[in-house]
Amino acid sequence: MLFRSPHPGADQAARFSPGARHPLPQTRPAAGGSRCLFPGMRGSPGLARSYRAAFLLLLGFFALFTVAGTDRSCLDAADSAYLISADAIAHGLWPYRDFLAAHPPLLYLLGAPLALLDAGTLPFRIFSLLILAGLSLSVWHLAQKMTANAGIAFLAGAFTLFAPLGIFFSKLFIQDALVSLIAVAAITLVMGGGRRRVALAGSLCVLGTLTKLTFLPLLLVLAVYMYRYRREQLALFLRIAIGGSLAAALILELLTGGSYFDDIILSQASKGLSFTNFYQGLHRIWEMDWPLLVAAVPGAWIAIHGLRERRRYGRLFLLLGWLAAGAALLLTLPAAGHDTNLFQMAEPAVALLAAWGIIGLAERGRLLPVAVAAILLLVSVVVLVEKDRLFIMRSNAGDVERVVALIDGAAAEDEAVLAPGCYALEAGRPVTRRFYDQFLWEEKYRRGDSSALELFRGLEEDLVSRSVPVVALEA
């Protein structure tokens with residue numbers, strides 16, 4: 001059968017034999033004529049449907065498992081800042097112009113309708129779980145397109161869904177899982193090609209830069225991919241992705257009176273560097289995700305070998321570029337305030353390689369690779385289940401309930417309090433002087449920023465005059 005590529009440098013070779021359409025990784029018969037362990041795994045519609053059904057059941061289990069651990073906990077300072085920022089937008093305030101905001105606005109805008117429900121933090125927790133479920137579905141779809149192997153796709157989606165670091169941060173309203181979801185969708189679209197898909201991928205890139213600047217390394221990877229493998233569509237992609245992102249940023253800068261760039265870039269310029277923070281961050285990532293990282297090592301070898309053998313150089317570039325973009329973000333770990341949530345860009349790629357390693361070894365049919373695959377799978381399942389149980393059940397809901405009771409007893413309805421945003425949202429009270437992102441305000445204060453000095457003088461006056469009914473600050 002003849003397939004024609006859009007141009008000589010495309011991801012597909014000009015001609016494929018029927019055998020070249022076999023899913024990756026390619027397996028060879030073992031010595032002595034032994035056959036693949038799962039010969040029906042590749043190309044069996046019935047087995048592919050079984051995997052899809054199993055994945056849907058897994059999503060159902062995920063829903064039951066995570067909802068059981070969903071409560072009104074307030075576990076993170078950044079989470080508090082983003083929650084109260086969404087609430088402020090819901091009540092008519094503008095980020096950057098009316099209050100300090102650390103990142104581009106998409107997450108806050110998505111959270112504003114949730115704040116209007118007046119249900120405290122619960123809608124935000126469900127939203128975060130839905131984003132993680134959507135990310136898992138996207139990785140499953142990407143893995144199916146990249147490998148044409150139902151087993152790898154199923155396991156990649158499952159590992160993404162239950163990856164410990166992702167589960168840990170699923171209890172927070174932060175940007176990283178949303179950035180990763182947009183990234184996976186954009187990778188899938190550019191890999192498929194076609195003007196409509198490329199235009200949609202470019203639009204997703206605009207949303208990525210409007211979510212968090214950590215999307216920029218992947219945007220660079222996609223731009224280079226378009227230049228190397230789909231050059232005839234490069235101009236379209238750049239117009240939408242780069243042009244759209246720049247236009248959106250300039251519009252926000254104008255609408256906020258010049259505060260947008262100051263907040264998302266200059267406000268963080270004084271962050272100190274600590275290589276202890278860097279080492280501890282990498283150590284925490286290893287502690288959380290070590291089963292996936294270990295299984296990803298043979299997966300990387302099998303994936304690179306298989307993609308090169310099939311001449312899928314574009315897919316190989318996207319896979320390695322995705323990992324490189326995630327690794328580049330980890331280089332910012334020494335900055336004060338940065339944490340292991342940055343690994344959420346690379347974690348789905350690691351999950352895909354871990355699945356590729358386990359299934360690829362199992363399909364080789366020899367005793368040693370099959371035994372290694374079985375051990376890797378067993379260890380991964382056991383460790384992930386135990387870690388996920390601990391992470392999803394972590395809670396300080398009792399402490400939050402007591403603080404909210406104190407606020408209700410001391411502050412009138414709609415009276416401002418000095419408290420982290422999560423507690424204020426649970427109590428249905430605004431935060432005094434819009435002191436939402438305490439960490440960034442402290443960074444601006446250390447830099448001698450005039451607005452920060454004015455804010456802290458005002459807070460000091462409020463405390464001296466006792467004009468704030470409740471003060472509840474985290475140590």
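Under the 4.5 Å side-chain criterion, counting only non-hydrogen atoms from C-beta, F169 is not in contact with D176. Annotation: side chain of D289 is not in contact with side chain of V350 (no heavy-atom distance under 4.5 Å). Residues L352 and I152 meet the side-chain proximity criterion, which asks for heavy atoms closer than 4.5 Å. Contact check for L316 versus R308: side-chain heavy atoms found under the 4.5 Å cut-off. In this structure, V221 and W322 have side chains that are not in contact, with every pair of non-hydrogen atoms separated by 4.5 Å or more. Between F159 and I358, the closest side-chain pair of non-hydrogen atoms falls below 4.5 Å. No side-chain heavy atom of V403 sits under 4.5 Å from any side-chain heavy atom of D399. Counting heavy atoms from C-beta outward, L178 and K212 have side chains that stay 4.5 Å or more apart.
The CD1 atom of I167 lies 7.0 Å from the OG1 atom of T66; values are rounded to the nearest 0.5 Å. Taken from CG in L425 to CG in L83, the straight-line distance is 6.0 Å, to the nearest 0.5 Å. Residue I264 holds its CD1 atom at 9.5 Å from CG of L266, rounded to the nearest 0.5 Å. To the nearest 0.5 Å, atoms CG (L110) and CZ (F124) are separated by 10.5 Å. Between the CG atom in L292 and the CG atom in L384 there is a gap of 5.0 Å [rounded to 0.5 Å]. The CG atom of N149 sits 6.5 Å away from the CD1 atom of I359 when rounded to the nearest 0.5 Å.
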Problem set entry | Intermediate values then yes/no, side-chain contact (heavy atoms from CB on, under 4.5 Å), W140 and R52 | CA-CA 10 Å; W140 169 76; R52 285 196 293 271; 3.5 Å; yes
Exercise. What's the verdict on side-chain contact (heavy atoms from CB on, under 4.5 Å) for L161 and F65, showing C-alpha distance, side-chain angles and the deciding distance?
Worked result: CA-CA 11 Å; L161 192 61; F65 174 66; over 6 Å; no
For this session: Evaluate the side-chain contact (heavy atoms from CB on, under 4.5 Å) criterion for residues L222 and F237: first the C-alpha distance (whole Å), next the side-chain angles of each, then the deciding distance (0.1 Å), finally the verdict.
Result: CA-CA 9 Å; L222 295 178; F237 178 80; 3.7 Å; yes
Problem set entry | salt bridge (Lys or Arg N to Asp or Glu O under 4.0 Å) between R284 and E287, worked out | CA-CA 5 Å; R284 285 194 299 273; E287 281 189 322; over 6 Å; no
Problem set entry | V383 vs V379, side-chain contact (heavy atoms from CB on, under 4.5 Å): CA-CA, chis, key distance, verdict | CA-CA 6 Å; V383 174; V379 170; 4.0 Å; yes
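Across every non-hydrogen atom of A351 and T160, the tightest pair is CB-OG1, 3.5 Å. Annotation for L165 and T340: closest pair CD1-O, 3.6 Å, computed over non-hydrogen atoms. Among all heavy-atom pairs drawn from L75 and L172, the shortest one is CB-CD2, 4.1 Å. Residue L234 comes nearest to A223 through the heavy atom pair CD1-O, 3.8 Å, listed as atom of the first residue, atom of the second, then distance. Listed here is the closest heavy atom pair of L218 and A183: CD2-CB, 3.1 Å. When all heavy atoms are compared, the tightest approach of A362 to A373 is N-CB, 3.8 Å.
For R394, the CZ atom is densely surrounded, since the number of other residues' heavy atoms within 6.0 Å is greater than 12. Counting heavy-atom neighbours within 6.0 Å of L57 CG, excluding the residue itself, gives a total above 12. Other residues, nucleotides and ligands contribute more than 12 heavy atoms inside 6.0 Å of the CD atom of E386.
The backbone N or O of C422 lies less than 3.5 Å from a partner atom in the side chain of S80, making a donor-acceptor pair. At least one donor-acceptor pair closer than 3.5 Å links the side chain of R197 to the backbone N or O of G193. Side-chain atoms of S180 come within 3.5 Å of backbone atoms of Q344 as a donor-acceptor pair (strictly under, hydrogens ignored). Not one N or O on the side chain of R315 forms a donor-acceptor pair closer than 3.5 Å with the backbone of L307. Looking only at distances, no side-chain donor or acceptor of D339 sits under 3.5 Å from a matching main-chain atom of N341. A donor-acceptor pair under 3.5 Å is formed between the side chain of N277 and the backbone N or O of L333. Side chain of N396 to main chain of S73: no donor-acceptor pair is present (N/O by atom type, distance under 3.5 Å, no hydrogens or angles). Judged by distance alone, with hydrogens and angles left aside, the side-chain atoms of S245 form no donor-acceptor pair with the main-chain N or O of I242 at under 3.5 Å. Remark: side-chain polar atoms of K171 are not paired, donor with acceptor, to backbone N or O of T70 under 3.5 angstrom. Looking at S203, its side chain does come within 3.5 Å of a backbone N or O of A199 through a donor-acceptor pair.
Here the rule is salt bridge (charged side-chain N to carboxylate O under 4.0 Å, His left out) with E426, and of R402, R72, R125 only R72 fits it.
Using cut-offs of 30° and 60° for the angle between ring planes, the F162 and F61 rings count as tilted. Aromatic ring pairs are classed by plane angle as parallel below 30°, tilted from 30° to 60° and perpendicular above 60°; the pair W286 and W290 is tilted. The aromatic rings of F55 and F154 sit perpendicular to each other, their planes meeting at more than 60°, with 30° as the lower class boundary.
In this structure, R231 satisfies the cation-pi test against Y227, with its NZ or CZ atom closer than 6.0 Å to the six-membered ring centre and inside 45 degrees of the ring normal.
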